[in-house]
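Worksheet for the structure shown next.
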There are 2 protein chains.
Amino acid sequence: MESVFEVIAEPNRRAILSLLAGSQQSVGEIERSLRMPQPAVSKHLRVLRDAGFVESTVDAQRRLYRLKPGPFQEFDEWLAQFRRFWSAHIDALERHLEKMDEPTPRKKIVKNAKAKKGEGK
Amino acid sequence: MESVFEVIAEPNRRAILSLLAGSQQSVGEIERSLRMPQPAVSKHLRVLRDAGFVESTVDAQRRLYRLKPGPFQEFDEWLAQFRRFWSAHIDALERHLEKMDEPTPRKKIVKNAKAKKGEGK
DNA sequence: TTCTTATATACGCGTGTCGGCATATACGTG
DNA sequence: CACGTATATGCCGACACGCGTATATAAGAA
């Protein structure tokens with residue numbers, strides 16, 4: 001589990017992060033909110049902490065977990081290289097660049113294909 | 001492979017996406033650029049297409065793959081719930097000033113703006 | 001101390017997924 | 001037609017991950 005992408009691939013971890021986005025929570029609170037066995041919560045928190053998503057402070061026997069910004073920034077930076085693409089996707093400039101950038105122009109250009117649209121599996 | 005998060009958890013798939021962020025590419029071009037066996041490329045492209053990350057058009061025997069914006073928007077929306085939180089360290093200053101909006105602009109507002117490096121453990 | 005609460009860790013199991021290889025399909029050329 | 005190119009798919013082995021259960025550690029209460 002090295003990359004932030006693998007860490008957030010897990011639905012339960014994303015749920016924990018969303019929960020913590022509201023406010024810091026103890027392990028028990030997360031456990032009850034998400035109805036998830038406590039060892040599972042602890043283990044996911046361990047992964048999240050190792051990846052820098054969260055940090056914990058001690059309150060008696062409890063551990064309060066809260067978010068840390070680092071990995072989210074990292075994710076956002078990765079997304080940046082595509083943001084130009086999808087935000088200005090209708091832009092004419094985009095099409096122009098696409099055409100100019102076409103690597104190996106064969107005889108004909110596109111033939112309009114439609115890949116089948118089977119979503120979900 | 002149902003969620004878009006699982007799809008981008010794979011490093012090779014992210015490499016393909018980054019490549020396509022530049023311009024559309026054929027399978028063979030991806031194969032050579034990333035030095036990845038062709039079946040691997042096709043398999044990853046299949047996953048990416050099923051998840052809506054890419055679409056393909058037919059050019060003779062080639063398939064040209066290009067990005068689609070959908071999933072990236074989805075990431076951005078997911079990130080939105082945290083953006084406010086982590087961007088706080090970057091431009092919270094402005095936000096903060098906006099909020100506090102003191103009637104005394106003469107006061108010094110900036111203390112130590114940045115300096116958020118290294119968390120205690 | 002002993003008991004209870006709160007959290008972390010260890011162990012084993014099942015399953016999904018990735019990589020490699022072989023093969024199938026599709027298109028173009030001679 | 002046969003052949004080469006371009007891409008897709010099927011099969012299989014290996015391995016990592018998440019889950020459940022049991023147990024360990026730690027702190028407070030009695």
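Predicted model only: the values in this text are computed from it and were never measured.
Straight-line distance from the CZ atom of Phe5(A) to the P atom of dC18(C): 16 Å, rounded to whole Å. Rounding to whole angstrom units, CG of residue Asp50(A) and P of dC17(D) are separated by 12 Å. When rounded to the nearest whole Å, the span between CD of Glu6(B) and P of dC17(D) equals 14 Å.
Taking the charged nitrogens against the carboxylate oxygens, Arg46(B) and Asp50(B) do have a contact shorter than 4.0 Å, which makes a salt bridge.
With sequence neighbours excluded, the residues that form a side chain to side chain donor-acceptor pair (under 3.5 Å) with Arg13(A) are His44(A). For Arg14(A), the salt bridge (Lys or Arg N to Asp or Glu O under 4.0 Å) test picks out no residue, with sequence neighbours left out. With sequence neighbours excluded, no residue forms a ring-ring contact (aromatic ring centres under 6.0 Å, His included) with Tyr65(B). Partners of Glu74(A) by side chain to side chain donor-acceptor pair (under 3.5 Å), not counting sequence neighbours: none found. Partners of Gln38(B) under the side chain to side chain donor-acceptor pair (under 3.5 Å) rule, at least two apart in sequence or in another chain, are Ser42(B). Remark: Gln81(B) pairs with Ser18(A) by the side chain to side chain donor-acceptor pair (under 3.5 Å) rule, at least two apart or across chains.
With DNA chain D read from its 5' end, the first of the two nearest nucleotides for Arg63(B) and Glu2(A) is the one closest to Arg63(B).
Within the structure, ring-ring contact (aromatic ring centres under 6.0 Å, His included) contacts touching residues 8-42 of chain B (residues at least two apart or in different chains) do not occur.
Of the residues in residues 8-19 of chain B, not one comes within less than 4.0 Å of DNA chain D through any heavy atom. The stretch residues 28-47 of chain A comes close to DNA chain D through Pro37(A), Pro39(A), Lys43(A), His44(A), each having a heavy atom under 4.0 Å from the strand.
For Tyr65(A) and dA8(C), the shortest distance from a side-chain N or O to OP1 or OP2 is below 4.0 Å. Of the side-chain N and O atoms in Arg62(A), one or more sit less than 4.0 angstrom from OP1 or OP2 of dA6(C).
With hydrogens and angles ignored, a donor-acceptor pair closer than 3.5 Å exists between the side chain of Gln61(A) and the base of dA27(D).
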